[in-house]
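This report concerns only the one structure given below.
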Amino acid sequence: QQAQCLIQNLILQKGQPDREQFVVAMLNSKNVLIGVNIVSVGGLSSAPVYIREVLKPAIIANSAAIILCHNHPSNDLQPSADDIMVTRKIIHAAEIIGIRVHEHIIINMENDRYYSFADNGIIQQLYSELS
């Protein structure tokens, strides 16, 4: 819930809330926030997500973990098949370089509603595919 509020404020202040945006929040080894970066701005229903652009700020910040986030301008919080696929790819790539993906949330820009991949078991399921 703290991440939802932080990312929503970032998009409202520095982004474009009427477009889908993909954001990475970077955490140190004690899970303290050390940075937030908008890595992609798209259109009304999608934003291009390049794995290297998601992981680059995390590597530069020497992050131990990251939280992924994007907004759905439609306010439909259900993850798409593409949302799950890109999360899978990021988890696989991040695991190789020693960065943990704690969460991926989809936020609503009009209120405090969000969808948590971790709370719904998706993050755990994607990590279980690695073994």
Side-chain angles (χ1 to χ4, degrees):
Q1 195 168 14
Q2 291 174 333
Q4 182 277 335
C5 184
L6 174 79
I7 306 290
Q8 185 182 54
N9 287 334
L10 173 71
I11 292 172
L12 287 171
Q13 292 174 10
K14 299 189 185 244
Q16 298 170 326
D18 63 333
R19 300 169 189 229
E20 188 166 307
Q21 296 175 73
F22 198 92
V23 178
V24 60
M26 297 155 287
L27 309 169
N28 68 16
S29 60
K30 296 185 185 231
N31 290 323
V32 174
L33 183 70
I34 56 175
V36 182
N37 195 301
I38 297 173
V39 295
S40 178
V41 177
L44 294 176
S45 61
S46 68
V49 179
Y50 303 102
I51 309 311
R52 66 180 282 130
E53 298 302 320
V54 172
L55 295 177
K56 180 180 177 181
I59 293 168
I60 291 170
N62 203 25
S63 303
I66 57 177
I67 295 172
L68 309 172
C69 179
H70 73 283
N71 64 315
H72 277 178
S74 68
N75 292 326
D76 175 5
L77 298 178
Q78 282 303 116
S80 68
D82 285 342
D83 292 338
I84 295 169
M85 180 185 67
V86 77
T87 305
R88 176 182 287 113
K89 288 180 180 180
I90 293 168
I91 285 173
H92 285 229
E95 183 71 10
I96 292 168
I97 58 175
I99 296 174
R100 183 79 180 175
V101 176
H102 284 322
E103 174 70 283
H104 185 168
I105 59 174
I106 301 171
I107 64 170
N108 181 324
M109 294 304 297
E110 294 178 2
N111 55 45
D112 61 357
R113 291 178 43 235
Y114 64 94
Y115 180 93
S116 164
F117 283 52
D119 289 350
N120 286 282
I122 296 172
I123 297 293
Q124 182 179 352
Q125 175 190 337
L126 296 175
Y127 269 104
S128 71
E129 293 175 4
L130 295 175
S131 30

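For reference, positions follow the sequence shown, starting with 1.
- The ring pair (Phe, Tyr, Trp, His ring centres under 6.0 Å) check on Tyr115 picks up Phe117, with sequence neighbours excluded.
- When side chains are defined from C-beta on, Val54 does not count as touching Val86, because their heavy atoms never get closer than 4.5 Å.
- Linking ILVMFWY residues whenever their side-chain heavy atoms come closer than 4.5 Å, directly or via other members, places Leu12 and Ile67 in the same cluster.
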Which side-chain N or O atoms in residues 105-112 pair as donor and acceptor under 3.5 Å with protein atoms at least two apart or in another chain?
residue	atom	partner	partner atom	Å
Asn108	OD1	Glu110	N	2.7
Glu110	OE1	Asn75	ND2	3.3
Glu110	OE2	Asn75	ND2	3.2
Asn111	OD1	Arg113	N	2.9

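- Residues in residues 79-89 take part in these salt bridge (charged side-chain N to carboxylate O under 4.0 Å, His left out) pairs, two or more places apart or across chains: Arg88-Glu129.
- Contacts classified as side chain to side chain donor-acceptor pair (under 3.5 Å) and involving residues 49-67 (residues at least two apart or in different chains) are not found.
- The distance from the NE2 atom of His72 to the CD atom of Gln78 is 9.5 Å, given to the nearest 0.5 Å.
- Listed by chain and number, the residues in a side chain to side chain donor-acceptor pair (under 3.5 Å) with Gln16 are Arg19 (sequence neighbours excluded).
- Scored by the side chain to side chain donor-acceptor pair (under 3.5 Å) test, Glu103 finds Ser116 as partners (sequence neighbours excluded).
- Open room surrounds CG on Leu44; 12 or fewer heavy atoms of other groups in view lie less than 6.0 Å from it.
- To the nearest 0.5 Å, atoms SG (Cys69) and CD1 (Ile11) are separated by 6.0 Å.
- The shortest heavy-atom contact between Ile123 and Ala118 is CG1-N, 3.7 Å.
- If you chain together hydrophobic residues whose side chains sit under 4.5 Å apart, Ile51 and Ile66 fall into the same group.
- Residues meeting the side chain to side chain contact (heavy atoms under 4.5 Å, CB included) test with Ile97, sequence neighbours left out: Leu55, Ile59, Ile99.
- Among residues two or more places apart in sequence or in another chain, the side chain to side chain contact (heavy atoms under 4.5 Å, CB included) test is passed with Ser46 by none.
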Please assess Ile90 against Val49 for the test side chain to side chain contact (heavy atoms under 4.5 Å, CB included), listing each intermediate value before the final yes or no.
CA-CA 10 Å; Ile90 293 168; Val49 179; 4.2 Å; yes
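- Taking OG1 of Thr87 as the reference point, atom CD1 of Ile122 lies at 7.5 Å (rounded to 0.5 Å).
- We find the CZ-OH distance between Arg100 and Tyr127 to be 4.0 Å, quoted to the nearest 0.5 Å.
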Would you list the atom pairs, donor with acceptor, under 3.5 Å between side chains in residues 23-40 and any protein atom, with sequence neighbours excluded?
residue	atom	partner	partner atom	Å
Asn28	OD1	Lys30	N	2.8
Asn28	OD1	Asn31	N	3.2
Asn28	OD1	Val32	N	3.0
Asn31	OD1	His102	NE2	2.8
Ser40	OG	Pro48	O	2.3

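- Cluster annotation: Leu6 and Val41 are assigned to the same hydrophobic cluster (Ile/Leu/Val/Met/Phe/Trp/Tyr, side-chain heavy-atom contacts under 4.5 Å, transitive).
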